[in-house]
Structures are given as structure tokens and as C-alpha cells.
Amino acid sequence: MAVTDGAPIPLSEPAAAAAGTSSGPRAAPARRGMTQRAQATKRKRQASNETAPAKRGNAASSLPAKKTAAKPAQRGLKGKAQKVFSRKKALAGASEKSQEQKPGVKTSSLFKNNPEIPELPRPEVKQVQEKVFSSDAFHELDLHPHLISTLNTVLNIFHMTSPSVQKQSIPALLEGRDALVRSQTGSGKTLAYCIPVVQSLQAMKTKIQRGDGPYALVLVPTRELALQSFDTFQKLLKPFTWIVPGVLMGGEKRKSEKARLRKGINILISTPGRLVDHIKSTKNIHFNRIRWLVLDEADRNRRILDLGFEKTITVILNAINAECQERQNVLLSATLTEGVTRLADISLHNPVSISVLENSFDEESSDDSDSLSDDDYDDDDDDDDDDDDDELDGFAIPEGLEQYVVLVPSKLRLVCLAAFILQKCKFETDQKLIVFFSSCELVEFHYHLFFQTLLGGAASGQLPSGGPRLTFLRLHGNMDQEERTAVFREFAQAGPGVLFCTDVAARGLDLPQVTWIVQYNAPSSAAEYIHRIGRTARIGCHGSSLLFLAPSEAEYVSSLASHKINTSEMKMDDILSVLTRDDSFQARRGGGQQPQAVGPQETQERATVLQTVFEDYVHSCEGTVAWAKRALQSFIRAYTTYPRSLKHIFHIRLLHLGHVAKSFGLRDAPQNLGGSTVKKRKVNVKRPDLRRRAQQQHLAEALRSEYASGLEAGGAKARKQSRQAEPGDELGEPSSASSSSSS
Ligand SMILES: Nc1ncnc2c1ncn2[C@@H]1O[C@H](COP(=O)(O)OP(=O)(O)OP(=O)(O)O)[C@@H](O)[C@H]1O
């Protein structure tokens, strides 16, 4: 990785303010500017009869509360010119004012009373790996010449990927077999089914008519994935214009989808929830010609079954089975298990099972693979449904992927994440990061906090002092579809930048040139870990991942190792030491008498300055404090949803909630969070039934937006209303997410 030789970004003013010293004369205009904007907003609100925002302590804190502040980012999303806010000014305004109002408020020691960082377990792990490319060219297959030339000229693709993906599955599917395909992330599973579908449909003796309706149905778990598969089909179908692909997904206008269905869609790509909506309410949807049923990320669909979404899948399968029996079924995922075929009544006929793993289900089930039915899995322990009880022993990992773990005491998590982002985005070039969080609220919180403090309010733009251009984006299920699509496309095309997201972006998304995956909250299963890290090091490229763990969570490394996942340790001190290269975070000393600290002490001082910037921002008004507390509650809720098999590692009792609060920029101890969280926690621990229900609810909530049709009565409106009370809005949403309804 190249390192920029640019001078450190001068942020001495905010740093000084954060350190509680003189802010210097240059802070004043910044504050004036913000005050003017705040007044303008106030006028606008009065004019539009909007409810006044929560009382604010200062002008700077009103910045994020303004709808007007959303405009630059919105423009940025659409690629137009945008106003770049000064990070110096934003920081100086927030922290200086806060210090003025609360003299003597100091950041408590970040480096004292932390739990000891244990030695990380180093289990012996031999990862399962497979070369990505085979030497077999597509033109060796019996494909239509136009399809081959499209692959070569439009997609620039010549050779099939490894045996466990295209080389084996494409010929098997062309022969008419059903298939279960499990291969490493980013190895080309999409084309593994798209090519046979297109080849078989274009070759049909009676030429397909648009009005015939669907011949192929592809179900995918998220809308972004639906768009991605649709894009691939569109490209492959260029020479076969009579075959029409179409996509149905939540968050789009149902009326226009109905019109498209009426006109005719031959290859239908959909999320399950939206399809059910149409099955129930649209007369124009018929499955009597279905030849292909593809379930991409099929094990994710199984997760939906666990959560009571069984009806969704059952309705789809019943609708298809009622009209057609003869079809090819394809199930694919990087983490597919046999258990997935419990998926209601998909009857796989003589399926070919394709996997790189020695203990693949191909060998296990070779004798009776002709008829995998529900009955085969009746013995499974349904009581354990909050665990991924049929998770595999091992997963294939892309060769070019380096995986790291860092142990960080709770108090230091926030500064450590910020330091890592600064290191990658400010001192290295061409770095594109995806940071995973466990809930939409956590994404919103960290996105806004970093956006306002580190970027000074500029959603996309240049860091001060000529650093690399940097984009901060976020993606989660509570955003409206229009913005989700815009963010997905923007990040796909973006240069350096950071995407803050939930697991809505964990599966299947093919975002080019991602260099780092950061998991700020550990995933709830090894399978989800695999999908998250799989957003980098795709199709033979290199990439890295970093998992944040608290010292009490160190054993998770052994849990990953038991699934043949190999991690190396990255030291927290090494991450934090980047702050010594950034004089923005230099502590000011009274009278300039004392010498500057050096070595670890300097790192600690600067980390404290950075933490103070966050705390000052969070404590700049009541609204921001309440917002941070809600984010902390969301973290706690998510923490209670780890499956039973991981409870000994991730148990809320093992965390020091006062320290955790610090990682939300809160100075308060958790008893100030409000009784409900603590109460809920106690109930959850003592009552497994309630605990499970809470877990299910949380997971259902997390997943609902991914699978929802967007047509639930009052759903979007209600969520919009509830979000208007959210701090993200109140604080001045820098992007368009808050200004439109969610899906
Ligand atoms: N034979 C090939 N040669 C070169 N590139 C390919 C080939 N097949 C697919 N690709 C490209 O590889 C990338 C990853 O493919 P794809 O998204 O299908 O992977 P995947 O296995 O489905 O990943 P995931 O498990 O994360 O869903 C895509 O950009 C795709 O265009």
C-alpha cells in the first residue's frame, strides 16, 4: 500500500479546543457561519410550521439538525458540485463552545482501568483455498457464439472460474441437472447460473414471447443483489433481445412493477417479500412456464424461515408448484449447507452438489442425492433454532484475503476505529473500506459522528490540506430505496472512501476495489463472517479484513478457527500510533513550558484529544446525548442476540457498560441510560423464552427492511414519522436518507 507523503493535516484549532485550551481567533468566523446557518434554519422552520428541534447548547450543534445541511450531500450523491464544510470549523465550533459552557468537563482517562488485553489464542488452522481461475475457456463450452462473444467483449471474461464454480456447474446445468453450489465468495456464482439460463432460454425451439411471462425466477435476499443480478442478465441478453429480464424489489412503485409484469418479464429477479405481494395482488403473474428456479444466497433464505418468514417462501413455492412441476432448481451460496434444502418443498431432482470442501455434501449424499426432501432433515434439532446448528466445519476463503483481529478495550473502541479510518484514508492511497455494524442505529450514529467531526460535515470531498478525496457513505435497511440504490451505485464507482453498513451489504454484493473490511461488531455466525469479509479479495484480487473484539471476546478467534478461519493479530497500539502523524490531535500545553510527550504517551494524549472531540460533539446538546444513548441501547440490544453457542463469548454481563458508553462519546455511566435496557437485560438473562423472543424480534427487525416489500400498510409512513423524531434528522441529516420514506 502506498503511503502519501503529504504534510499532516493542520487541525490544531479543533485539537486545541478539544484539549480544552484556547481556541484561537480563527474559530470565531466558523462559529458565526454556523450561527447564521442555524438562524436561517430556524426561520425556515418557523415559516413551515415545523416543530422546533430539541434545545441546543450552541450553534455548531444545530448544524446537523438542519434539513438544509442535507442538501450538499444530496447533491454529492447525484454527482453535482457540493459545498465543502470545514472540518476545522465544525470541530472548533462544537468543542470550543462545549468547553465554554461546561468549564472543567474533562475526558476521563481512556487508558486507565481497562481490562488486560489477553494473548490471542493461536490455533493451528489450515484454510480451505482454491485457485480462482481454471484454464478452461468459455468457447470450449457448447454455448451460442453470441453468448460467448458477449462474455468476451462486454464482460471481458474468457476463462471459467475454478472447478467448484463455473467449470463444474455450468456444464451440469446445461445438461439439465439441479444443483447445489457452494464456493468461496467472489468466485463467479452469478454467472454460473446466468449463463445456463440464458443459453437454455435462447435455444428454445418456440421462440420466447415477452407476453409469455416468466421462464426463470431468481430469488435473492436483498434489493441491491436483485439489481446486480438484473444487470448481469441484461448484459448477457444483449444479443437475445426477445428475452426480457425484469426486477421486482421492495421500495419500488408497485404500480409501475405491475405494468411491467403485464407487458411481460421472462427472467424475473425478485426479493421474496415483493414477489409475494405480487402473487397475492397482481393477476398478471403466472408461473406456468417456469423452467428455472434459482435461489441465490439460499442459506440466507433459510434464515428467514427460522424467523417466521416461512410463509413468504411457502407462498412463492406453492404458487410455482401449482402451475409447474418440471423445472431446474439451483441453490447457491458461499456457506451453503444441506440443511438449506429444508426450504419448504423444493424437490431437487438428482442434484449435482458442487463444493471445494472435502467433506462436501456431494460425497455425503451421493447415494440418495436423487431425492433430497424435507423428510431427510426431520431429525434436525429445531429447539436450537437461534444457533446455526448446521453450520459447516469449514469455509473456503479467497486466497488473496488477509484477516486480522484487534483486541480493543471498550473505552478505546471509538478512537481506535477513527484512527484506523484516518490511517487508511489520510495516510495511504486508494483505500476503500466497508465498516460493518450490528444495527441501522449504529450505522447512523457512527456515520454522522465521523461525518461531522472527522469530515467537518462534508459528505464527500477533500480532506483538509489536500489529502485524498474521500467519500463517507452509509447503507442500511431503514433507508428509502432510492437512496439505497444511489449509495450502492456510488460506492461501486467511488474511489477512496468508507461505507458504513449493516449486513444488508454483507452478501453477494460485488463492489469493486474494496481494500479493507472492518467488522466493528462481531457477526453472529462464522457464515456471516465469511460473507462480510467476502466483499473484498474478489475474483483473485487482494484484500484485508479487520475484526474488532473486546478483550473478553478474544475466544471468538478460536470459534472462527474451528471453522477453518485463520486470523492474525493487529495491535491496537499500532493503530492508535497513526495519531502521532497527525498534528490535528496534538495536545496543547499551558504556556508552552512542558515538553511534548513522545512515544506511547504521545499516542495516548492524542487519542484522548480525539475522544474529547467526539465527547464534545455528543454533549453539545441534549438531542445529541439522547441520540448517543439510543445508539448505545441499540448496541446492547444487538449484543443480546448472539446465538447460544456464542453466549459464553458475547454476553452483556461480560461488558463494562460504563466503558461501552464511552465508545458512544458518552460521559455518563449506563445507569443514566434509562431503566428499560437494564431491566430488559435482566429478564433476558433469566427467561430464555423471553430472551429468544427478543433475539428473534431484533433479528426480524434487522432483516425486515431487507426483505420487506415496502407495501405494508402505513409502514413507510410510520417509519418516516418515527425517524423524523430520530436524532439523525434532528441533528441535520447530511444526506437524503432522512428526507424521504423508508422501505
Ligand atoms: N470467469 C470469470 N472471469 C473473470 N471474472 C469473472 C468471471 N466470472 C465472474 N467474474 C466476475 O467476478 C466478480 C464476482 O462474481 P460474483 O459476484 O458472481 O461472485 P459470487 O461467487 O457470487 O460472490 P458472493 O459469494 O460474494 O456472492 C464479478 O465482478 C464477476 O463479473
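Hydrogens, waters and symmetry mates are skipped; everything else that's a heavy atom, side chains included, is used. In listed order, ligands and their atoms are each counted from 1.
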[atom] - nearest protein heavy atom and its distance:
| atom | value |
| --- | --- |
| atom 8 (N) of ligand 1 | Gln166 NE2, 2.8 Å |
| atom 13 (C) of ligand 1 | Asp510 OD1, 3.5 Å |
| atom 19 (O) of ligand 1 | Gly188 N, 3.2 Å |
| atom 23 (O) of ligand 1 | Gly186 N, 2.8 Å |
| atom 7 (C) of ligand 1 | Ile157 CD1, 3.6 Å |
| atom 3 (N) of ligand 1 | Phe133 CE2, 3.2 Å |

TODO: Identify which one of Leu151, Val198, Val154 satisfies the side chain to side chain contact (heavy atoms under 4.5 Å, CB included) criterion when paired with Lys235.
DONE: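 Looking at Leu151, Val198, Val154, the match for Lys235 under the side chain to side chain contact (heavy atoms under 4.5 Å, CB included) is Val154.
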
- [ ] On the 0 to 90° scale, with breaks at 30° and 60°, tag the Phe500-Phe450 ring pair as parallel, tilted or perpendicular.
- [x]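 Rings of Phe500 and Phe450: tilted, as their planes differ by 30° to 60°.
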
Task: Ring geometry between Phe437 and His446 (parallel below 30°, tilted from 30 to 60°, perpendicular above 60°) - done: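 Correct class here is parallel.
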
Task: Minimum non-hydrogen distance to atom 1 (N) of ligand 1, winning option of His531, His159, Arg535, Lys189 - done: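 It is His159 whose heavy atom sits nearest to atom 1 (N) of ligand 1.
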
Task: Option with minimal heavy-atom separation from atom 11 (C) of ligand 1, where the choices are Ile539, Leu511, Ile530 - done: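 Nearest heavy atom to atom 11 (C) of ligand 1 lies in Ile539.
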
For a quick test of your reading: what N or O donor-acceptor pairs under 3.5 Å do the side chains of residues 136-148 make, sequence neighbours left out?
from	atom 1	to	atom 2	distance (Å)
Glu140	OE2	Ala137	N	3.1
His144	ND1	His146	N	2.9

Distance filter under 4.0 Å to [X] heavy atoms, resulting ligand 1 atoms:
| X | value |
| --- | --- |
| Ser187 | 19 (O), 20 (P), 21 (O) |
| Arg538 | 14 (C), 16 (P), 17 (O), 19 (O), 20 (P), 23 (O), 24 (P), 26 (O) |
| Leu191 | 8 (N), 9 (C) |
| Thr190 | 16 (P), 17 (O), 18 (O), 22 (O) |
| Glu297 | 27 (O) |

- [ ] Give the contacting part of Phe138 toward ligand 1: side chain, backbone, both or neither, where contact means a heavy-atom distance below 4.0 Å.
- [x]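 For Phe138, only side-chain atoms sit under 4.0 Å from ligand 1.
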
Open item on the list: Just to verify, what does Thr190 make a side-chain hydrogen bond (donor to acceptor under 3.5 Å, both in side chains) with, not counting sequence neighbours?
Closed with: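 side-chain hydrogen bond (donor to acceptor under 3.5 Å, both in side chains) list for Thr190, sorted by chain: empty.
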
Answer whether the closest heavy-atom distance between the side chains of [X] and [Y] falls below 4.5 Å.
| X | Y | value |
| --- | --- | --- |
| Lys424 | Lys432 | no |
| Tyr529 | Thr567 | yes |
| Ile565 | Val125 | no |

Open item on the list: Assess, by modelled atom type and distance only, whether the side chains of Tyr215 and Ser200 contain a donor and an acceptor separated by less than 3.5 Å.
Closed with: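 Not at all, the side chains of Tyr215 and Ser200 share no donor-acceptor pair under 3.5 Å.
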
Task: Ser544 and Glu402 side chains, donor-acceptor separation under 3.5 Å - done: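 Their side chains do not contain a donor-acceptor pair, so the 3.5 Å distance test is not met.
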
- [ ] Take every heavy atom of Arg507, measure it against each atom of ligand 1, and state whether any distance is under 4.0 Å.
- [x]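 No heavy atom of Arg507 comes that close to ligand 1.
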
